[in-house]
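To keep things clear, I will list the structure first and then write my remarks on it.
Remember, it's 1-based here, ligands and their atoms both numbered in the order they're listed.
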Amino acid sequence: MTKTEHRTTCSRDCPDACAILATVEDGRITALRGDPEHPVTRGFLCYRTSRFPELAASDRRVERPLVRRNGELTPVDWDTALAHIAERLVAIRAESGPAAIFHYRSGGSLGILKQLTDLFFDRFGPCTTKIGDICSGAGEAAQLHDLGTSDSNDLFDLLQSRSIVLWGKNPAVSNVHLVPVLKRAAAGGARLWLVDPVHHKSSPLAARRLMPAPGRDLELALGIARVLFDDGAVDPAAAEFCDGLPGYRALVESRDVAAWARLADVTAADLRELAAEFASGPTAILVGWGMQRRQRGGAIVRALDALCAISGNLFRSGGGVSFYFARRRAFAPFSDVSVDHPRTIREPLLGADLLAAQDPPVRALWVTAGNPVAMLPDSATVKRAIEQTEFVVVADCFRTETAELADVVLPVPTMLEDDDLLGSYGHHWLGESRPVVAAPPEVRHEITIFQQLADRVGLAEYPRDTIDDLKRAALREVADRGASLDDLRGGGGDGHGGAPQAAAVRSPVADKQLFESGKVQTPNGKVQLITAMSPEPEVTATAAQPGASEPLWLFSNSTEKSQASQWAGKGLGSRTWVAVHPAAVPGFDDGAVVRVESPTGTIEAELRLDERQRRDTAIMPKGGHHCAGQSANALIAARATDLGLGAAYLDCLVRIVPV
Ligand SMILES: Nc1nc2c(c(=O)[nH]1)N[C@H]1C(S)=C(S)[C@@H](COP(=O)(O)OP(=O)(O)OC[C@H]3O[C@@H](n4cnc5c(=O)[nH]c(N)nc54)[C@H](O)[C@@H]3O)O[C@H]1N2
Ligand SMILES: Nc1nc2c(c(=O)[nH]1)N[C@H]1C(S)=C(S)[C@@H](COP(=O)(O)OP(=O)(O)OC[C@H]3O[C@@H](n4cnc5c(=O)[nH]c(N)nc54)[C@H](O)[C@@H]3O)O[C@H]1N2
Ligand code: SF4
Ligand SMILES: [Mo]
């Protein structure tokens, strides 16, 4: 029996980008652990990746290309699959133009080389592409507007904070490697705050908790600013480094502290206490991704940017308003020309946009690393739109509900078989992913698939380089600054034939303090302050009916055991669940099967009564199989956010109804 240890980097859509050590015995992974020498991974992995080998061994794994024949997805060889795809894509382009072909890529893998899938369609067309970003679109657009960039101070700068505000964030579930950093900061004296309408696994971490009304963070942030203006605690230099201070001040002063607190549904005393943290500082805001998935999501993040800036916490070590770490910044992009796409499909409105697309209609859809039927809002419309598309290719490691609709399914490596480069959106370290075990023989690397397809469709202008050379190309701008491929591999070994050293390479282009120069990166170097409210969200509920609850705000939050629609372990079982305060559902028993109903759809769920929650919320898991009637997205209307074309998943009202 041979036992070896291999190093790779997790490519999941997760802020942590962990360094993984895999033990392989006789070609099988027998253990996965976090690299103890990686400064952020620190020796542990999350539940979902620790259990990944179980998922990889499931009967949903795709191990051979599948082509639909007589209605059934049938295994075929690669020549047959690629010849069929090439014939269809070339014919559709010739008949209807490249706008009739749409490539949709989501975040199943955050590998940098995945950009080369987009490049294929840019060179083959340019084809129709998506715009917007359902994940972080609103918040990134807000920060880009206000600060000229969406990036963060070094993760460990939090150890300089006097207080840290987890604003709509549940790191114990969705950013687990932040937890040890928070604990260290707290042990050093920092006070942790949690601002979240939901009680969750991270609640016990916080010394102080506010549970504001869903989506009222805008009012809360403006109320805090009101205290700072009233108390003369605004940074005296704010007028010099901010644009729009008078307009912002007028907005803040349009209500008094008590009125802002009432709108946010927190006590004025709590609001003042949080304001005092901003006045003294250094205070860091860690902005979660959930609350910007609302119609006013952009405005909410803009109000947090403004609060951080005017309270003097933006340019200070231990401060900052961290929404994102610029994970791609160290890598050179694969396309140097700005491509003129013939048409765009808005990601949050993908179902409706696909159905409405005319002259030409979208005839071919290629899905890379996504499960839009389960994960985009208004699943039923997304499903219908995909069903109506003439030719659908899905590249995935598993047979998802989206793959079930495809004409061709292409098997690709799992994250433990893949070969790529990773940045992180939760810290500034870079990593390489390498296969720790070989993929099944008929599984092909995504780049290989497109190179072979490029040969078949006669596309000369697509790179034919090896994976390693493509990695070197991506690293070309940082290679001589300590981040070459060899550096990522730990210097290629110890020089004596031993195993490579642990590699934890910090991005050479990330400063320890984001705005070290004292200026933000907007065109005039000034923070752009928010000066107007966004319109109230448009949300409706179904009509009142006997026995049904009042309308409740639906949360579909990350859960420990799943990565979006990919569950580890036993998954959800036969049905999903919904957690509600008992007072919101009088007469219902814990464990009862109920219907969760919105104007968009209805699903059955098991009721979990939870006294720790607000009385106006209903909490479901973010992932769930649409085909098993479990996906919250069956209930959620497709609507865009105020900025950045995000999806307003959280502006959804449901009623709990007896079955
Ligand atoms: N285990 C696990 N980890 C994941 C993922 C996963 O699916 N599972 N997904 C990954 C992905 S794709 C991403 S983008 C990130 C997701 O990152 P997040 O979206 O930050 O993840 P969640 O843990 O769902 O946390 C969202 C939090 O926002 C809160 N929230 C919602 N609305 C409001 C509001 O109006 N105000 C305030 N203050 N809070 C609000 C919710 O109650 C919840 O606690 O995590 C990644 N990590
Ligand atoms: N209701 C609700 N819906 C949400 C959210 C929410 O909070 N609430 N969160 C939203 C967010 S933040 C996000 S990011 C999206 C996530 O939505 P998706 O990105 O669609 O998420 P997954 O379900 O993880 O689907 C990713 C797929 O990629 C596959 N995959 C993994 N690696 C590779 C690879 O290397 N190549 C290829 N071709 N495939 C691969 C996986 O097997 C999986 O089937 O969901 C959004 N949807
Ligand atoms: S999913 Fe996130 S926490 Fe889990 S191993 Fe991957 S990067 Fe680490
Ligand atoms: Mo996401």
Decide yes or no on ring pair (Phe, Tyr, Trp, His ring centres under 6.0 Å) for Trp366 and Phe450, but give the supporting numbers first.
CA-CA 12 Å; Trp366 185 303; Phe450 282 103; 4.9 Å; yes
Tyr324/Ser152 under side chain to side chain contact (heavy atoms under 4.5 Å, CB included): CA gap, chis, key distance, verdict:
CA-CA 6 Å; Tyr324 188 74; Ser152 300; 5.6 Å; no
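The single protein non-hydrogen atom nearest to atom 25 (O) of ligand 2 is Asn371 N, 3.6 Å, given as residue, atom name and distance. The protein heavy-atom contact nearest to atom 24 (O) of ligand 2 is Gln566 NE2, 2.7 Å. The protein atom (non-hydrogen) at minimum distance from atom 39 (N) of ligand 2 is Ala369 CA, 3.1 Å. Of the protein's non-hydrogen atoms, the one nearest atom 36 (N) of ligand 2 is Glu446 OE1, 2.9 Å. The nearest heavy-atom contact from the protein to atom 18 (P) of ligand 2 is Ser106 OG, 3.4 Å. In terms of protein heavy-atom proximity, atom 13 (C) of ligand 2 is closest to Ile134 CD1, 3.8 Å. For atom 43 (C) of ligand 2, the closest heavy atom belonging to the protein is Asp396 OD2, 3.5 Å. Scanning all protein heavy atoms for the shortest distance to atom 8 (N) of ligand 2 gives Ser556 OG, 3.0 Å.
Between His177 and His38, the ring centre distance reaches or exceeds 6.0 Å. Ring-centre distance between Phe156 and His428: not below the 6.0 Å cut-off. For Tyr425 and Trp289, the distance between ring centers is under 6.0 angstrom.
Under 4.0 angstrom from ligand 2, the non-hydrogen atoms of Ile636 all belong to its side chain. Only side-chain heavy atoms of Arg293 come within less than 4.0 Å of ligand 2; its backbone N, CA, C and O stay farther off. With a heavy-atom cut-off of 4.0 Å, Thr414 does not touch ligand 2 at all. Residue contacts with ligand 2 for Asn557 are absent, since no atom lies close enough (heavy atoms, distance under 4.0 Å).
Summarising the geometry, atom CD1 belonging to Ile636 is positioned 8.0 Å from atom OG belonging to Ser598; distances are rounded to the nearest 0.5 Å. Put simply, CD on Gln292 and CD on Gln143 are 9.5 Å apart, with the number rounded to the nearest 0.5 Å. Between Ile619 atom CD1 and Arg608 atom CZ the span is 11.0 Å, to the nearest 0.5 Å. One distance of note links CD1 of Ile20 with CG of Leu416; it measures 6.0 Å at 0.5 Å rounding. Atom CZ in Arg293 sits 5.5 Å away from atom NZ in Lys622 (nearest 0.5 Å). The distance from the CG atom of Leu166 to the CG atom of Leu205 is 7.5 Å, given to the nearest 0.5 Å.
For the ring-ring contact (aromatic ring centres under 6.0 Å, His included) with Tyr462, the lone residue among Phe124, Phe121, Phe334, Phe120 that qualifies is Phe120.
Ligand-side atoms of ligand 2 in range of Asn633: 1 (N), 2 (C), 3 (N), range being under 4.0 angstrom from any heavy atom. Counting atoms of ligand 2 from 1 in the listed order, those under 4.0 Å from a heavy atom of Gly370 are 20 (O), 25 (O), 26 (C), 27 (C), 28 (O). For ligand 2, the atoms lying closer than 4.0 Å to a non-hydrogen atom of Val412 are 36 (N), 37 (C), 38 (N). Of all atoms in ligand 2, listed by their number and element, those nearer than 4.0 Å to a heavy atom of Ala395 are 37 (C), 38 (N), 39 (N). Close approach of ligand 2 to Thr400 is summarised as follows: ligand atoms under 4.0 Å from at least one heavy atom of the residue are 44 (O). Counting atoms of ligand 2 from 1 in the listed order, those under 4.0 Å from a heavy atom of Phe398 are 42 (O). Listed by number with element, the atoms of ligand 2 under 4.0 Å from a non-hydrogen atom of Cys135 are 12 (S), 14 (S). Of all the atoms in ligand 2, the ones that sit under 4.0 Å from a non-hydrogen atom of Asp13 are 14 (S).
Counting heavy atoms from C-beta outward, Glu597 and Ile603 have side chains that stay 4.5 Å or more apart.
The nearest pair of heavy atoms linking Pro463 to Leu119 is CD-CD2, 3.7 Å. Smallest separation of non-hydrogen atoms from Cys10 and Leu422: O-CG, 3.7 Å.
Ligand 2 has no nitrogen or oxygen under 3.5 angstrom from a nitrogen or oxygen of Cys397. Where the criterion is an N or O separation shorter than 3.5 Å, residue side chain and backbone included, Lys114 meets it with respect to ligand 2.
Within a 6.0 Å sphere centred on CD of Glu538, heavy atoms belonging to other residues, nucleotides or ligands number 12 at most.
Distances from ligand 2 to the non-hydrogen atoms of Arg12 include no value under 4.0 Å. Under the 4.0 angstrom criterion for non-hydrogen atoms, Ala374 is not in contact with ligand 2.
Between the side chains of Thr641 and Arg294, no donor N or O sits under 3.5 Å from an acceptor N or O.
When the heavy-atom distances from atom 5 (C) of ligand 2 to Lys622, Glu417, Gln563 are ranked, the shortest goes to Lys622.
Listed by chain and number, residues touching ligand 3 at under 4.0 Å (heavy atoms only) are Cys10, Arg12, Cys14, Asp16, Ala17, Cys18, Leu45, Cys46, Arg48, Thr49, Val176, His177.
Taking a cutoff of 4.0 Å between a charged side-chain nitrogen and a carboxylate oxygen, Arg105 and Glu446 do not qualify as a salt bridge.
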